[in-house]
Amino acid sequence: MKQKILLLGSGGRECAIAWKLSQSELLDSLYIAPGNAGTAQYGTNVPLSPMDFDAVGKFAADNGITMLVVGNEDPLVAAITDYFKANEALKGVKVIGPSKAGAQLEGSKDFAKGFMARHAIPTAAYLSVTADNIEEGFAFLESQKAPYVLKADGLAAGKGVLIIDSLDEAKSELRQMLGGMFGASSATVVIEQFLSGIECSVFALTDGEHYQLLPVAKDYKRIGEGDKGLNTGGMGTISPNPYYTDDIAKECMEKIFLPTINAMNAEGRTFEGCLYFGLMITPNGPKVIEYNCRFGDPETQVVLPMLDADLYDIFEAIYNH
Ligand code: AMP
Ligand code: GLY
């Protein structure tokens with residue numbers, strides 16, 4: 001059957017997904033909400049907010065949508081997948097993206113760190129603090145070497161991570177974050193040990209049992225020459241990642257990818273969708289610096305052009321396990 005797909009989001013990532021889906025022989029029509037000037041080349045933009053679930057659901061029901069692909073994290077963390085599954089009129093729509101329980105890997109950095117600690121998945125040492133134990137936060141910062149890494153617990157449009165050179169400034173930023181710098185998202189702050197190494201972005205398309213890894217990318221996030229400036233939402237990206245060797249791939253598989261997928265199952269949070277691993281390859285081996293519950297932005301733009309397979313077929317396989 002030819003498919004009618006609704007894709008949510010408006011970034012370069014969604015433009016790359018729309019481009020790839022538009023090549024599928026199984027596609028009847030593609031809608032993107034809200035989309036952008038690029039996505040309009042591959043489908044029809046629809047002026048809907050991905051966070052307005054009633055409007056998205058109504059559009060899907062009225063237009064016979066057969067698959068919903070969720071590009072951005074906000075609707076996933078706010079439970080759009082659960083919303084579609086719970087709604088009788090939308091039960092036939094195949095949703096590509098995890099449930100709210102799965103999306104917690106990105107929705108709460110405190111959850112993600114606790115999850116990795118529970119399952120011995122390698123990551124940076126950390127302490128989570130709130131306004132109630134800020135003094136413990138200061139003591140943890142004092143126990144670390146510069147630079148200092150502060151992360152808002154919740155979603156902050158890719159801007160909730162601060163990497164700071166001076167201890168005094170780190171303490172002052174911690175106070176400001178807990179005071180609402182990123183609204184409710186920074187009511188809890190994760191303070192992390194700084195890891196040096198090479199970053200790798202790996203996407204696993206998974207149904208919780210099987211998985212397909214996509215070509216590996218390297219993201220560049222700091223502004224300025226030589227990666228010396230502040231963190232940004234993203235400065236550029238390349239793929240393949242020349243630092244991701246076969247040995248590292250094997251170690252990541254054994255210590256990170258499979259343990260994460262299996263532990264999510266064990267916690268009753270089976271992850272169905274695109275699981276993004278932000279890794280730091282350190283001298284002591286690969287460590288997770290972040291999980292995302294969707295395709296990377298901007299990495300998708302360099303990863304999908306290298307994929308020979310039909311992306312719709314992979315989505316279909318995730319859904320029909
Ligand atoms: P995140 O949103 O958690 O990926 O953090 C954004 C960026 O900050 C990452 O891509 C890294 O460049 C950097 N970063 C995050 N955590 C650490 C860490 N513990 N050590 C060094 N750099 C980090
Ligand atoms: N490129 C990192 C992210 O998508 O969050």
Side-chain angles (χ1 to χ4, degrees), residues 3 5 7-9 13-27 30 66-73 76 81 93-99 102-103 105-106 121 199-219 237-266 269-279 281 286 288 290-321:
Q3 302 293 317
I5 303 183
L7 167 65
L8 300 183
R13 164 184 52 209
E14 284 73 28
C15 190
I17 296 173
W19 167 77
K20 189 71 184 162
L21 285 174
S22 72
Q23 295 164 16
S24 175
E25 302 215 327
L26 288 160
L27 186 72
L30 175 64
T66 52
M67 178 178 278
L68 177 75
V69 179
V70 188
N72 57 328
E73 61 276 17
L76 292 168
T81 303
V93 183
K94 300 164 191 166
V95 183
I96 302 302
S99 63
L105 278 182
E106 175 164 7
I121 295 169
E199 285 191 48
C200 296
S201 311
V202 185
F203 308 169
L205 287 163
T206 178
D207 60 13
E209 190 183 343
H210 312 93
Y211 59 86
Q212 168 77 54
L213 297 180
L214 299 188
V216 174
K218 176 161 171 25
D219 211 4
T237 182
I238 59 164
S239 181
N241 184 327
Y243 301 96
Y244 189 79
T245 61
D246 289 348
D247 284 351
I248 289 171
K250 187 163 175 285
E251 198 176 350
C252 289
M253 184 58 74
E254 284 165 9
K255 296 186 179 159
I256 296 176
F257 305 152
L258 294 178
T260 298
I261 291 171
N262 293 337
M264 287 297 276
N265 285 335
R269 294 175 181 268
T270 296
F271 191 102
E272 296 168 310
C274 181
L275 178 51
Y276 170 114
F277 298 86
L279 306 175
I281 310 302
V288 177
E290 73 165 337
Y291 289 118
N292 290 327
C293 62
R294 35 78 191 167
F295 284 86
D297 191 3
E299 295 97 317
T300 304
Q301 293 174 80
V302 293
V303 168
L304 289 186
M306 291 198 296
L307 186 70
D308 287 332
D310 182 324
L311 186 59
Y312 172 78
D313 277 343
I314 301 181
F315 286 163
E316 177 78 30
I318 292 179
Y319 193 80
N320 283 328
H321 62 282

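We're numbering straight along the sequence, starting at 1.
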How close do [X] and [Y] get, heavy atom to heavy atom, and via which atoms?
{"X": "Cys293", "Y": "Glu106", "value": "N-OE1, 2.7 Å"}
{"X": "Ile314", "Y": "Ala309", "value": "CD1-CB, 4.1 Å"}
{"X": "Asn72", "Y": "Gly9", "value": "OD1-CA, 4.0 Å"}
{"X": "Leu275", "Y": "Tyr291", "value": "CD1-CD2, 4.3 Å"}
{"X": "Gly71", "Y": "Leu7", "value": "N-CD1, 4.4 Å"}
{"X": "Pro215", "Y": "Val303", "value": "O-CG2, 3.4 Å"}

Worksheet entry | side-chain contact (heavy atoms from CB on, under 4.5 Å) involving Leu213 - partner list, sequence neighbours excluded | Val202, Ala204, Tyr211, Met253, Phe257
Worksheet item: With sequence neighbours left out, what residues match Asp297 under side-chain contact (heavy atoms from CB on, under 4.5 Å)?
Response: Arg13, Gln301
Fill in: Worked verdict on Leu311 versus Asp313 for side-chain contact (heavy atoms from CB on, under 4.5 Å)
CA-CA 5 Å; Leu311 186 59; Asp313 277 343; over 6 Å; no
Fill in: Leu304/Met306 under side-chain contact (heavy atoms from CB on, under 4.5 Å): CA gap, chis, key distance, verdict
CA-CA 5 Å; Leu304 289 186; Met306 291 198 296; over 6 Å; no
Are side-chain heavy atoms of [X] and [Y] found at a separation under 4.5 Å?
{"X": "Val69", "Y": "Leu8", "value": "no"}
{"X": "Pro298", "Y": "Val302", "value": "no"}
{"X": "Val93", "Y": "Met67", "value": "no"}

If I take atom [atom1] from residue [X] and atom [atom2] from residue [Y], how far apart are they, to the nearest 0.5 angstrom?
{"X": "Phe277", "Y": "Cys252", "atom1": "CZ", "atom2": "SG", "value": "9.0 Å"}
{"X": "Glu199", "Y": "Leu279", "atom1": "CD", "atom2": "CG", "value": "9.0 Å"}
{"X": "Glu272", "Y": "Met264", "atom1": "CD", "atom2": "CE", "value": "11.0 Å"}
{"X": "Cys274", "Y": "Leu214", "atom1": "SG", "atom2": "CG", "value": "6.5 Å"}

I'd like to know if the side chain of [X] and the backbone of [Y] have a donor-acceptor N/O pair within less than 3.5 Å.
{"X": "Asn241", "Y": "Ala217", "answer": "yes"}
{"X": "Ser24", "Y": "Tyr312", "answer": "no"}
{"X": "Lys218", "Y": "Tyr244", "answer": "no"}

Worksheet item: Residues in side-chain hydrogen bond (donor to acceptor under 3.5 Å, both in side chains) with Tyr276, at least two apart?
Response: Ser201, Glu299
Worksheet item: Which residues pass the side-chain hydrogen bond (donor to acceptor under 3.5 Å, both in side chains) test with Ser239, sequence neighbours left out?
Response: none
Fill in: Residue of the set Thr260, Thr270, Ile261 for which side chain to side chain contact (heavy atoms under 4.5 Å, CB included) holds with Thr206
Ile261
Discussion item. Here's a test for you: under side chain to side chain contact (heavy atoms under 4.5 Å, CB included), which of Leu30, Ile96, Ile5, Thr300 qualifies with Ile17?
Written reply: Thr300
Discussion item. Taking salt bridge (Lys or Arg N to Asp or Glu O under 4.0 Å) as the cut-off, I'd like each qualifying pair that reaches into residues 250-264, sequence neighbours left out, listed once.
Written reply: Lys250-Glu254, Glu251-Lys255
Fill in: Listed once per pair and sorted, the salt bridge (Lys or Arg N to Asp or Glu O under 4.0 Å) pairs that draw on residues 239-248, sequence neighbours left out
none
Item to complete: Please step through side-chain contact (heavy atoms from CB on, under 4.5 Å) for the pair Phe271 and Asn265, ending with a clear verdict.
Response: CA-CA 7 Å; Phe271 191 102; Asn265 285 335; over 6 Å; no
Discussion item. Set out, in order, the CA-CA distance, both residues' side-chain angles and the distance that settles salt bridge (Lys or Arg N to Asp or Glu O under 4.0 Å) for Arg294 and Glu73, then state yes or no.
Written reply: CA-CA 6 Å; Arg294 35 78 191 167; Glu73 61 276 17; 3.1 Å; yes
Fill in: Residues Lys94, Thr66; criterion side-chain contact (heavy atoms from CB on, under 4.5 Å); working and verdict
CA-CA 6 Å; Lys94 300 164 191 166; Thr66 52; 5.6 Å; no
